[in-house]
Amino acid sequence: MTQGYSVSPIGFMRSCFKEKFAIPRQPQLAPAARGVLELVAPFDQGDAVQGLEQVSHVWLLFLFHQALEDKPRLKVRPPRLGGNQSMGVFATRATHRPNGIGQSVVKLDKVEAGRLWLSGIDLLDGTPVLDVKPYVPYADVIADARNGMAAAAPELIPVQWGDAALAQAREHGVRLEEPLIELIEQCLAQDPRPAYQTPTPERRYGAQFWDLDVRWHYPQPGVICVLEVVPAVGS
Ligand code: SAM
């Protein structure tokens with residue numbers, strides 16, 4: 001008989017990403033993507049993070065809380081393969097997976113009692129984090145590792161700015177004290193649009209970063225132009 005185990009979050013992520021759309025598919029793809037892991041009791045005391053200041057990167061183990069399912073899938077269709085090819089779930093890093101556990105290596109920018117300041121994240125705001133472990137270069141870097149399905153980072157596409165959108169992004173970046181222009185460019189250069197959609201120049205896309213709605217279109221295939229960066233509705 002299979003025994004069940006229970007786990008509970010050691011903290012919750014406060015992230016620049018307020019919705020799943022336009023989050024990079026892996027960590028490190030957008031170094032300007034920042035957030036704070038807010039630890040909960042009893043891990044919010046200095047003792048729990050003592051020594052972490054000696055570490056540049058950490059592994060986060062977390063729950064894909066917005067993709068949890070009752071019925072486990074054996075095969076998934078990873079966006080990386082265009083969404084039309086199915087693969088064994090254990091061959092992919094898909095969010096729909098048994099136990100819904102995600103893992104990301106992220107940069108540790110600052111340590112405080114109860115708070116870890118992180119960048120290069122790919123976690124949604126509110127993500128429950130189950131554990132934090134130091135990245136250990138001698139064991140975690142595997143120089144001759146290979147992955148035939150995801151051999152290299154996704155190709156980037158050019159991101160252009162309308163004059164008004166760039167001025168808005170500059171202004172909000174100063175207000176938020178965040179590298180907002182870099183964040184938007186790094187995320188949109190991943191081309192977040194589903195691979196099966198061929199966007200016309202008239203079609204508008206949008207996603208929320210921090211408290212801002214960012215809207216863009218494709219003036220021609222494979223090129224993004226940011227149209228506006230405005231306060232999100234309700235913020
Ligand atoms: N690096 C992790 C891993 O390999 O386990 C995540 C990879 S997964 C392919 C990345 C995607 O997870 C992001 O593009 C985002 O849309 C989604 N995501 C991030 N946080 C999530 C959450 N809490 N619930 C559901 N989906 C989430």
Side-chain angles (χ1 to χ4, degrees), residues 7-38 40 57-73 75-108 116 118-133 135 140-142 145-157 183-197 205-210 214:
V7 291
S8 38
I10 52 94
F12 293 87
M13 200 60 209
R14 189 150 50 81
S15 159
C16 57
F17 298 120
K18 308 298 177 188
E19 59 180 287
K20 287 186 277 181
F21 184 52
I23 302 182
R25 291 187 187 140
Q26 287 300 337
Q28 310 302 326
L29 295 173
R34 309 205 302 185
V36 179
L37 171 58
E38 298 194 324
V40 296
H57 291 75
V58 289
W59 283 102
L60 298 181
L61 299 176
F62 58 94
L63 273 185
F64 289 119
H65 72 306
Q66 283 203 3
L68 294 174
E69 294 177 318
D70 290 337
K71 191 165 180 288
R73 303 183 191 200
K75 300 202 95 176
V76 293
R77 293 173 187 275
R80 178 75 205 236
L81 299 178
N84 51 14
Q85 211 182 325
S86 70
M87 279 290 153
V89 66
F90 298 130
T92 79
R93 303 274 283 258
T95 57
H96 294 284
R97 57 190 315 110
N99 299 313
I101 292 178
Q103 58 178 92
S104 295
V105 177
V106 299
K107 187 160 177 291
L108 178 58
L116 302 183
L118 306 168
S119 58
I121 60 174
D122 61 347
L123 284 73
L124 186 63
D125 193 53
T127 296
V129 174
L130 301 177
D131 203 354
V132 176
K133 299 190 190 193
Y135 185 78
D140 294 346
V141 175
I142 301 175
R146 77 185 165 83
N147 183 326
M149 263 178 296
E155 257 182 54
L156 302 182
I157 65 169
L183 173 67
I184 294 170
E185 288 183 350
Q186 290 165 5
C187 293
L188 298 193
Q190 312 284 325
D191 196 1
R193 152 195 73 91
Y196 57 82
Q197 273 178 17
Y205 290 80
Q208 186 178 342
F209 298 91
W210 295 114
V214 177

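The figures here come from the full heavy-atom set of this structure, side chains too, leaving out hydrogens, waters and symmetry mates. As the structure lists them, so they are numbered: ligands from 1, and atoms in each ligand from 1.
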Revision key, fill the gap. Ligand 1 to Leu63, heavy atom cutoff 4.0 Å, flagged ligand atoms 23 (N)
Practice item. Show which atoms of ligand 1 fall inside a sub-4.0 Å distance from at least one heavy-atom site of Pro27. Key: 1 (N)
Review point. How far is atom 2 (C) of ligand 1 from its nearest protein heavy atom, and which residue and atom is that?
Key: Gln103 O, 3.1 Å
Check your understanding: Should Lys20 be counted as touching ligand 1, given the test is an N or O pair under 3.5 Å?
Key -> yes
Review point. Do Trp59 and Asp140 meet the criterion of a side-chain donor-acceptor pair at a distance under 3.5 Å?
Key: yes
Exercise for review: Could you list which atoms of ligand 1 come closer than 4.0 Å to a heavy atom of Thr127?
Suggested key: 20 (N), 22 (C), 23 (N)
Review point. Looking at atom 20 (N) of ligand 1, what's its closest protein heavy atom, distance included?
Key: Leu124 N, 3.2 Å
Review point. Once you round to the nearest 0.5 Å, how far does NE2 of His65 lie from CG of Leu123?
Key: 9.5 Å
Point to revise | Proximity of Ile101 to ligand 1 by residue part, where a heavy atom lies under 4.0 Å | key: neither
Review point. Between Glu19 and Gln208, is there a donor-acceptor pair closer than 3.5 Å when you use the side chain of the first and the backbone of the second?
Key: yes
Check your understanding: Which ligand 1 atoms, with their elements, are less than 4.0 angstrom from a heavy-atom of Ser104?
Key -> 1 (N), 2 (C)
Practice item. Go through Arg193 and Tyr205 one step at a time and tell me if the side-chain contact (heavy atoms from CB on, under 4.5 Å) criterion holds. Key: CA-CA 8 Å; Arg193 152 195 73 91; Tyr205 290 80; 4.0 Å; yes
Practice item. Within a distance under 4.0 Å of any heavy atom of His65, pick out the atoms of ligand 1 and give their elements. Key: 22 (C), 23 (N), 24 (N)
Review point. If you look at every heavy atom in Val141 and Tyr135, which pair is closest and at what distance?
Key: CG2-OH, 3.1 Å
Point to revise | Atom indices of ligand 1 within 4.0 angstrom of Gly102 heavy atoms, with elements | key: 5 (O)
Practice item. For ligand 1, indicate whether the residue Pro24 contacts it via side chain, backbone, both or neither (heavy-atom separation under 4.0 Å). Key: backbone
Check your understanding: Any idea which part of Ile23 is under 4.0 Å from ligand 1, heavy-atom wise: side chain, backbone, both or neither?
Key -> both
Exercise for review: Quick one: do Gln66 and Leu124 satisfy side-chain contact (heavy atoms from CB on, under 4.5 Å)? Show the steps, please.
Suggested key: CA-CA 9 Å; Gln66 283 203 3; Leu124 186 63; 3.4 Å; yes
Exercise for review: Considering only non-hydrogen protein atoms, determine which one is nearest to atom 10 (C) of ligand 1 and report residue, atom name and distance to 0.1 Å.
Suggested key: Arg25 O, 3.4 Å
Review point. Are Lys75 and Met87 close enough, and set up right, to give a side-chain contact (heavy atoms from CB on, under 4.5 Å), and what steps lead you there?
Key: CA-CA 5 Å; Lys75 300 202 95 176; Met87 279 290 153; 5.8 Å; no
Practice item. Start with the C-alpha distance between Cys16 and Leu183, add both sets of side-chain angles, then the distance that settles side-chain contact (heavy atoms from CB on, under 4.5 Å), and finish with yes or no. Key: CA-CA 9 Å; Cys16 57; Leu183 173 67; 4.0 Å; yes
Review point. Based purely on interatomic distance, does Ala94 place a nitrogen or oxygen under 3.5 Å from a nitrogen or oxygen of ligand 1?
Key: no
Practice item. Identify, for atom 24 (N) of ligand 1, the protein heavy atom at the shortest distance, and state residue, atom and that distance. Key: Gln66 N, 3.1 Å
Exercise for review: Using modelled atom types only, decide if a donor and an acceptor are shared between the side chain of Ser15 and the backbone of Phe17 within a distance under 3.5 Å.
Suggested key: yes
Review point. What atoms in ligand 1 come closer than 4.0 Å to a heavy atom of Gln26?
Key: 1 (N), 2 (C), 4 (O), 7 (C)
Point to revise | Any donor-acceptor pair under 3.5 Å from Asn99 side chain to Ile101 backbone | key: no
Revision key, fill the gap. Scanning both residues in full, the closest heavy-atom pair of Lys133 with Asp131 reads CE-OD2, 3.5 Å
Review point. Within a strict 4.5 Å, meaning less than it, do heavy atoms of the Pro128 and Phe62 side chains meet?
Key: no
Review point. Which protein non-hydrogen atom lies closest to atom 27 (C) of ligand 1, naming both residue and atom, and how far is it?
Key: Phe64 CD2, 3.7 Å
Review point. How close does the nearest protein non-hydrogen atom get to atom 12 (O) of ligand 1, and which residue and atom is it?
Key: Thr95 CG2, 3.3 Å
Study note, to complete from the structure: ligand 1 atoms nearer than 4.0 angstrom to some heavy atom of Arg93 are 3 (C), 4 (O), 7 (C), 8 (S), 9 (C)
Check your understanding: Got the closest protein heavy atom to atom 19 (C) of ligand 1, with its distance?
Key -> Asp122 O, 3.2 Å
